[in-house]
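Okay, so here's the structure we're looking at.
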2 protein chains.
Amino acid sequence: MQEVDAEVFKALSDANRLKILSMLSSGEICACRILEALDITQPTLSHHMKILSGCGLVTVRKEGQWSYYSLDRARLDQLKEFLGSL
Amino acid sequence: MQEVDAEVFKALSDANRLKILSMLSSGEICACRILEALDITQPTLSHHMKILSGCGLVTVRKEGQWSYYSLDRARLDQLKEFLGSL
DNA sequence: AACGTTCATCGACACCTATCTATATCCAAT
DNA sequence: ATTGGATATAGATAGGTGTCGATGAACGTT
């Protein structure tokens, strides 16, 4: 229960990942666009996206050689609900 | 900006600290009560409380030899606002 | 088939974290 | 003053995390 929420909060506990989520809040974005904006290397971005999608905060859509990421609003609502319960 | 939020989310990214916050949601509690409920040692609890108060999520009220902790709702609202902006 | 681009994985490294035991500090009561 | 209980601090340790460079895999174009 709290372990699950803790995992999602851990995903949110990095400034770069928060920036990524902030970008995704405007809608679906290609990974390459995120990479341009973030001053990290491509493997590091890949690592962050794995964490974000691993806890269900974002979803991936593969199209050819590109990966398009988008927010999972339902997962976000779960978090808001948890905070609201405090 | 995102660095500040990241720090608070990091504070939330531990199951024991989430349990503590959950207990505090019912109102002010003495540290010794939290200790009874958590299956960790007293120094570890002290460590967690330092993190939670360090990022402004909880406040302390010292009374004699006891420490009473309570939630800072304003800080929580800040977080909800951030999640809402996504 | 060969090349270039996008993304993922591997291995390494410095740093951080949760936890413990041991000890110190502070306060109240004897 | 001394004892006892509550909390904080110090030091140690095992495991986790963000980052990188190097490399691999998949895809489209020439």
Side-chain angles (χ1 to χ4, degrees), chain A residues 1-24 27-72, chain B residues 1-24 27-72:
Chain A
M1 197 69 158
Q2 261 122 346
E3 283 75 13
V4 180
D5 288 317
E7 188 198 356
V8 185
F9 283 127
K10 193 184 300 179
L12 292 169
S13 71
D14 177 90
N16 278 323
R17 288 197 289 268
L18 289 188
K19 286 179 197 163
I20 293 171
L21 292 179
S22 189
M23 292 183 69
L24 293 182
E28 193 185 61
I29 298 188
C30 179
C32 57
R33 298 286 303 275
I34 305 177
L35 184 58
E36 293 173 354
L38 273 195
D39 204 39
I40 56 179
T41 65
Q42 179 271 321
T44 299
L45 175 62
S46 193
H47 167 71
H48 287 313
M49 298 320 292
K50 192 171 187 176
I51 289 176
L52 287 174
S53 56
C55 71
L57 275 176
V58 313
T59 57
V60 204
R61 181 175 66 86
K62 306 253 182 185
E63 184 174 329
Q65 49 200 138
W66 290 280
S67 293
Y68 292 90
Y69 290 95
S70 42
L71 268 182
D72 187 323
Chain B
M1 197 67 155
Q2 261 123 346
E3 284 76 11
V4 178
D5 288 317
E7 188 198 354
V8 185
F9 283 126
K10 193 184 300 178
L12 292 169
S13 71
D14 178 271
N16 279 323
R17 288 198 287 270
L18 289 187
K19 286 179 196 163
I20 294 172
L21 293 179
S22 189
M23 293 184 68
L24 293 181
E28 192 185 62
I29 300 188
C30 179
C32 57
R33 300 285 303 275
I34 305 177
L35 184 58
E36 293 172 354
L38 273 196
D39 204 40
I40 56 178
T41 64
Q42 179 272 319
T44 299
L45 175 62
S46 193
H47 167 71
H48 287 312
M49 299 319 292
K50 193 171 187 176
I51 289 177
L52 287 175
S53 55
C55 70
L57 275 176
V58 313
T59 57
V60 204
R61 181 176 65 86
K62 305 255 183 183
E63 184 174 329
Q65 47 201 141
W66 292 279
S67 294
Y68 292 90
Y69 291 94
S70 42
L71 268 182
D72 188 324

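Sequence lines set the chain letters: A, B, ... in the order given, protein chains first and strands last, and positions in each chain run from 1. Everything numeric in this text was worked out from a predicted model, so none of it was measured.
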(request) For B:K19, check side-chain contact (heavy atoms from CB on, under 4.5 Å) against everything at least two apart and list the hits. (result) A:Q2, A:E3, B:N16, B:L38
N/O to N/O distances under 3.5 Å, protein versus nucleotides 28-30 of chain D:
{"unit_1": "D:dG28", "atom_1": "O4'", "unit_2": "A:Q65", "atom_2": "OE1", "d": "3.4"}

(request) Starting from P on D:dG16, measure out to CG on A:D14 and report it in whole angstrom. (result) 18 Å
(request) On DNA chain D, check which nucleotide each of B:A31 and A:N16 is closest to and give me the residue with the more 5' one. (result) B:A31
(message) Rounded to whole Å, please give me the gap between CD in B:E63 and C1' in D:dA6.
(response) 13 Å
(request) Could you identify which residues of residues 32-44 of chain B place a heavy atom less than 4.0 Å from some atom of DNA chain D, listed by residue number, or say none? (result) B:C32, B:Q42, B:P43
(request) Indicate the atoms forming the closest heavy-atom contact of A:V60 with A:S53, along with that distance. (result) CG2-CB, 4.4 Å
(message) On a heavy-atom basis, which atom in B:L52 and which in B:A11 lie closest, and how many Å separate them?
(response) CD2-O, 4.1 Å
(request) Apply the side chain to side chain contact (heavy atoms under 4.5 Å, CB included) test between A:V58 and each candidate in A:L24, A:I29, A:D72; give the one that qualifies. (result) A:L24
(request) To the nearest 0.5 Å, tell me how far A:I51 CD1 sits from A:L12 CG. (result) 11.0 Å
(request) Starting at atom CZ of A:F9, determine the distance to atom C1' of D:dG16, rounded to an integer number of angstrom. (result) 20 Å
(request) Can you measure from OG (A:S70) to CD (A:E28) and round to the nearest 0.5 angstrom? (result) 5.0 Å
(message) Can you tell me how far apart CD1 (A:I40) and CD1 (A:I20) are? Round to the nearest 0.5 Å.
(response) 5.5 Å
(message) Within the 4.0 Å heavy-atom criterion, would you say A:Y69 contacts the bases, only the backbone, or no part of the nucleic acid?
(response) sugar-phosphate
(request) State which residues pass side chain to side chain donor-acceptor pair (under 3.5 Å) with A:E7; sequence neighbours excluded, sorted by chain then number. (result) none
(message) By the side chain to side chain donor-acceptor pair (under 3.5 Å) test, which pairs, at least two apart or in different chains, include something from residues 35-48 of chain A?
(response) A:R17-A:H48, A:T41-A:T44
(request) Supply the atom-to-atom distance A:R33 CZ to A:Y69 OH, rounded to the nearest 0.5 angstrom. (result) 15.5 Å
(message) Is the phosphate of C:dT17 approached by B:K10 (side-chain N or O, under 4.0 Å from OP1 or OP2)?
(response) yes
(message) Using a 4.0 Å cut-off on heavy atoms, which residues in residues 45-59 of chain A reach DNA chain D? List them by number, or say none.
(response) A:H47, A:H48, A:I51
